[in-house]
Amino acid sequence: MPILSPSILASDFSRLGEHCREAISAGAEWLHIDVMDGHFVPNITIGPLIVRALKPLANETGAVLDVHLMIENPDDYIEAFADAGADIITVHVEACTHLHRTIQAIRATGARPGVTLNPATSLSTLEEILPEVDLVLIMSVNPGFGGQSYIPASTDKIRRLRSMLDAIGSSAHLEVDGGVKASNVAEVTGAGADVIIAGSAVFGGSESVEANVKAIMNAW
Ligand code: DX5
Ligand code: ZN
């Protein structure tokens with residue numbers, strides 16, 4: 001069964017805890033936390049403070065805090081996010097000059113390391129690092145904002161990454177981020193993704209968070 005990781009970016013921040021609790025009780029197992037610095041991407045969002053604030057809820061429910069760093073110089077902040085309670089820390093290949101060192105630094109904190117690629121970045125950039133990571137995240141939109149449309153070419157990229165992981169016997173998670181909703185989630189899981197991020201499809205619209213989570217989980 002795939003795992004749903006709702007992106008809190010689309011939630012009502014004045015009711016963040018409530019929204020997360022509703023998503024988890026409806027079946028979401030992870031919480032996706034989008035960290036943006038206004039440099040690597042044009043938007044500014046969340047820091048370690050919010051990760052720390054969600055940690056008691058994560059401890060209580062067993063939810064995994066899945067932190068996606070869309071920032072320059074991620075090495076400077078790994079410890080702060082790990083200290084705050086991040087279970088997974090994912091960095092962009094485009095933001096890391098010494099990616100291997102960064103991945104080792106994440107693992108040394110006790111968090112699980114993940115790596116991610118922008119839509120225009122080739123899977124070939126992963127070849128050397130694949131055996132070292134616990135998660136690979138395919139961006140199916142250009143990072144920076146929630147609510148964008150899924151880029152159709154992502155499906156073939158997911159399929160090719162699934163083959164690369166299988167070829168080396170990796171059990172790393174294959175996670176997909178951007179524009180995923182009930183109407184296209186089966187395409188994404190069918191191509192080989194096992195962790196689905198959804199922001200606006202979970203926290204947006206007029207239906208309840210619970211109904212949205214169930215709609216996605218019924219569709220995959
Ligand atoms: C984009 C973020 C995504 C985004 C997903 O930069 O990394 O996690 O919030 O939101 P939706 O599901 O609305 O595309
Ligand atoms: Zn994300």
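Each ligand, and each atom within it, is numbered from 1 in the order the structure gives.
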Can you tell me if [X] contacts ligand 1 (heavy atom of the residue under 4.0 Å from the ligand)?
X	answer
Ala198	yes
Ala10	no
Tyr150	no

Exceeds 12 heavy-atom contacts within 6.0 angstrom, atom CG of Leu49: no
Check whether more than 12 heavy atoms from other residues, nucleotides or ligands sit under 6.0 Å from atom CD of Glu79, and answer yes or no. no
Distance below 2.8 Å from the Zn ion (ligand 2): protein N/O/S atoms: His32 NE2, Asp34 OD1, His68 ND1, Asp177 OD2
Note: Lys181, heavy atoms under 4.0 Å from ligand 1, region reported as neither
Quick test: of every protein heavy atom, which one is nearest to atom 10 (O) of ligand 1, and how far off is it to 0.1 Å? Gly146 CA, 3.7 Å
Distance check, rounded to the nearest 0.5 Å: Thr116 atom OG1 versus Ile138 atom CD1?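 Interatomic distance, Thr116 OG1 to Ile138 CD1, rounded to 0.5 Å: 7.0 Å.
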In terms of relative ring orientation, are His173 and Trp30 parallel, tilted or perpendicular, with 30° and 60° separating the classes?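 It falls in the perpendicular class, over 60°.
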Between Ser7 and ligand 1, is there a nitrogen or oxygen pair with a distance under 3.5 Å?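 Yes, there is a polar N/O contact under 3.5 Å.
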Should Asn118 and His92 count as side-chain neighbours, where that means a heavy-atom distance under 4.5 Å? yes
